[in-house]
J.: 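I'd like to ask you about the structure that follows.
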Amino acid sequence: MDARRAFDEIPDPNPVIVTAMASGYVRNNLVYHSLELFRAMIASDSASVVDEAAALVAFSASARVPDRGVTASLHALIAKIGFERNAGVVNTMLDSYAKGGSRDLEVARKVFDTMERDVVSWNSMIALYAQNGMSAEAIGLYSKMLNVGGGIKCNAVALSAVLLACAHAGAIQTGKRIHNQVVRMGLEENVYVGTSVVDMYSKCGRVEMASRAFRKIKEKNILSWSAMITGYGMHGRGQEALEIFTEMKRSGLRPNYITFISVLAACSHAGLLDEGRYWYNAMKQEFGIEAGVEHYGCMVDLLGRAGCLDEAYSLIKEMKVKPDAAIWGALLSACRIHKNVELAEMSVKRLFELDASNSGYYVLLSNIYAEAGMWKDVERIRLLVKTRRIEKPPGYSSFELKGKIYLFYVGDKSHPQHIEIYSYLEKLLERMQEAGYVPNTGSVLHDLDEEEKESALRIHSEKLAVAFALMNSVPRSVIHIIKNLRVCSDCHTAMKFITKITEREIIIRDLQRFHHFKDGLCSCRDYW
DNA sequence: TTAGGGTTAG
């Protein structure tokens with residue numbers, strides 16, 4: 001590096017020069033070299049020569065390395081040289097605690113609570129919560145900022161951070177409130193805020209609102225377009241996703257690695273087999289983008305679900321990158337749809353070599369055996385789960401009522417209204433069965449007798465959440481449910497009957513995509 | 001010759 005040679009020739013570099021050198025390292029991703037300079041400063045006890053700028057550069061460097069020790073020694077240094085009240089320096093430290101490898105949000109919060117906060121401090125803390133999936137904390141802190149923030153007003157940065165939290169939680173009511181604030185502040189055209197609004201509405205099930213917000217963004221960048229493509233894709237509206245993609249290219253923007261993940265995922269959700277194949281090839285030939293593991297994942301999913309299991313398997317075999325668990329998982333999932341036990345067993349073998357701790361794969365394989373009536377193998381998998389001490393993340397569904405998020409776990413009885421919810425659900429099930437609903441017991445894991453299987457299905461979290469929503473929401477309003485796993489096929493069928501009987505619209509976001517249930521039909525046309 | 005916070009996939 002030329003800069004380093006020049007730096008070494010300076011006999012007694014002052015802090016300005018040291019800082020410039022360190023910052024050069026950070027820009028070139030040579031973070032450790034940068035930190036080395038600051039370590040030397042700390043060690044030589046020359047704290048007096050470290051100025052504010054140097055401390056800022058040091059912390060932004062430490063935010064990029066997984067070394068909590070560095071952040072901690074810098075933390076000690078700023079106290080020593082009297083920068084602990086300097087908002088600029090402390091804000092950067094706050095960020096480095098949470099963004100460095102330690103992901104130490106608790107320490108970050110402690111720093112936040114004791115510092116003299118300015119608008120950047122609030123925004124950083126809200127963003128850190130939002131980026132780490134702690135939506136309730138992010139939304140709560142945003143409200144706190146407006147109420148007790150000592151006159152701090154929200155700005156574009158706070159809005160995009162809190163919108164991310166709403167998107168993650170599927171908090172449509174809060175999201176709409178924030179959107180109103182965006183409109184009042186005239187920030188609809190802002191590319192950061194606008195893109196966040198698009199993302200929020202997409203992930204809260206309102207793709208039309210997302211589209212309207214998208215049109216208002218003045219200078220759309222690649223992220224705005226990708227967000228809109230993803231939005232249509234998640235809702236199974238593959239053709240519209242492709243139209244946006246075409247429009248993006250016409251506007252002069254070049255699609256990148258992530259854009260193609262959005263495009264291929266959209267094809268996969270909508271079952272657009274030919275289009276998916278076409279864009280997969282064009283990605284390399286026309287745009288020079290080498291397929292990454294995520295693109296292969298989309299293609300295996302697309303081919304597999306369309307029933308081209310052999311082609312999906314061949315694609316995996318010819319991959320230039322090492323297939324990861326998600327790839328074999330996509331094939332396994334396709335094996336379930338097309339009831340291919342043999343290929344499923346092979347996929348699982350490869351899966352367990354990569355990641356034997358993920359409960360999802362055991363459940364999937366067990367379901368495949370169960371649907372094939374191979375109960376002995378189901379039992380074998382259950383034992384494996386036990387002996388390997390595999391922990392299942394509990395399945396839950398959530399529903400937002402008057403701005404508050406209610407969570408329902410499988411068989412949940414913790415809700416104060418649970419007796420009413422269960423009896424409401426019983427009555428609903430009776431009416432559904434009169435209308436022709438037959439519980440699909442094939443999706444039950446355990447080797448239970450038929451009656452037991454039926455009662456196991458009744459208490460799935462999405463059914464509980466929908467019952468609660470029907471009991472408490474405004475009549476005729478659309479019901480939004482967020483689920484942390486995939487919807488099972490019985491719940492999918494049940495929702496269709498529920499919309500028919502109650503004449504209500506239900507939108508469920510699961511781990512993969514959206515299902516819009518209306519008048520006894522689902523937007524996915526049962527392709528999922 | 002230096003300086004803190006925000007948006008896209010799965």
Side-chain angles (χ1 to χ4, degrees), chain A residues 3 6-7 10 13-27 34 37 51-61 63 83 86-96 98-99 112 115 117-128 130-131 138 154-165 167 187 190-200 202-203 213-214 217 220-231 233-234 248 253 255-266 268 292-298 301 324-327 329-330 511-513:
Chain A
F7 177 79
I10 300 168
N14 65 27
V16 178
I17 294 167
V18 178
T19 309
M21 186 66 241
S23 144
Y25 279 132
V26 174
R27 272 200 311 274
S34 168
L37 290 177
D51 63 1
E52 184 185 345
L56 276 168
V57 172
F59 278 121
S60 36
F83 281 157
N86 179 309
V89 174
V90 184
N91 284 336
T92 319
M93 181 171 76
L94 180 76
D95 211 46
S96 69
K99 283 194 184 148
F112 175 82
M115 72 189 287
R117 294 175 286 272
D118 67 4
V119 64
V120 177
S121 327
W122 284 94
N123 291 345
S124 304
M125 199 63 231
I126 294 167
L128 291 170
Q131 288 158 356
C154 83
N155 62 12
V157 178
L159 289 167
S160 39
V162 76
L163 281 163
L164 176 68
L187 286 168
N190 177 299
V191 64
Y192 280 100
V193 177
T195 303
S196 305
V197 173
V198 170
D199 184 51
M200 181 278 290
S202 294
K203 290 187 179 148
F214 177 72
I217 303 173
K220 304 176 187 66
N221 63 19
I222 192 83
L223 280 76
S224 324
W225 290 95
S226 297
M228 196 64 245
I229 293 168
T230 302
M234 284 190 297
M248 180 194 98
L253 276 172
N256 67 15
Y257 190 92
I258 288 175
T259 320
F260 276 105
I261 300 173
S262 307
V263 168
L264 297 177
S268 163
V293 70
E294 300 93 335
H295 304 111
Y296 283 110
C298 292
D301 192 52
D324 66 1
I327 302 274
L511 205 55
Q512 312 264 352
R513 58 166 297 155

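Naming convention: chains lettered A, B, ... in sequence-line order (proteins, then strands); numbering from 1 in each chain. This structure is a prediction, so every number in the text was calculated from the model and none was measured.
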J.: Looking at residues at least two apart in the chain, or sitting in another chain, which of them share a side-chain hydrogen bond (donor to acceptor under 3.5 Å, both in side chains) with A/Ser226?
T.: none
J.: Under the side chain to side chain contact (heavy atoms under 4.5 Å, CB included) rule, collect the residues that match up with A/Ala326, sequence neighbours excluded.
T.: A/Asp324
J.: What residues form a side-chain hydrogen bond (donor to acceptor under 3.5 Å, both in side chains) with A/Ser121, not counting sequence neighbours?
T.: A/Asn91, A/Asp118
J.: Taking OP1 and OP2 of B/dA9, is either one under 4.0 Å from a side-chain nitrogen or oxygen of A/Lys203?
T.: yes
J.: Quick check: do A/Arg117 and A/Val90 have side-chain heavy atoms less than 4.5 Å from each other?
T.: no
J.: Just how far, in rounded Å, is C1' of B/dG6 from CE of A/Met125?
T.: 15 Å
J.: Extract from the structure each pairing of a protein N or O with an N or O of nucleotides 1-3 of chain B at less than 3.5 Å, listing the distance.
T.:
from  : atom 1 : to      : atom 2 : distance (Å)
B/dT2 : O3'    : A/Ser23 : OG     : 3.4

J.: Within the structure shown, what part of the strands sits under 4.0 Å from A/Gln512 by heavy-atom distance: base, sugar-phosphate, or nothing?
T.: nothing
J.: How close or far is atom C1' of B/dT8 from atom CE of A/Met248, stated in whole angstroms?
T.: 11 Å
J.: Which part of the nucleic acid, if any, lies within reach of A/Ser160 when heavy atoms closer than 4.0 Å are counted: base, sugar-phosphate only, or nothing?
T.: base
J.: Sequence neighbours excluded, which residues qualify as ring-ring contact (aromatic ring centres under 6.0 Å, His included) partners of A/Tyr192?
T.: none
J.: Could I get the full list of ring-ring contact (aromatic ring centres under 6.0 Å, His included) partners for A/Phe260, not counting sequence neighbours?
T.: A/Phe245, A/Phe287
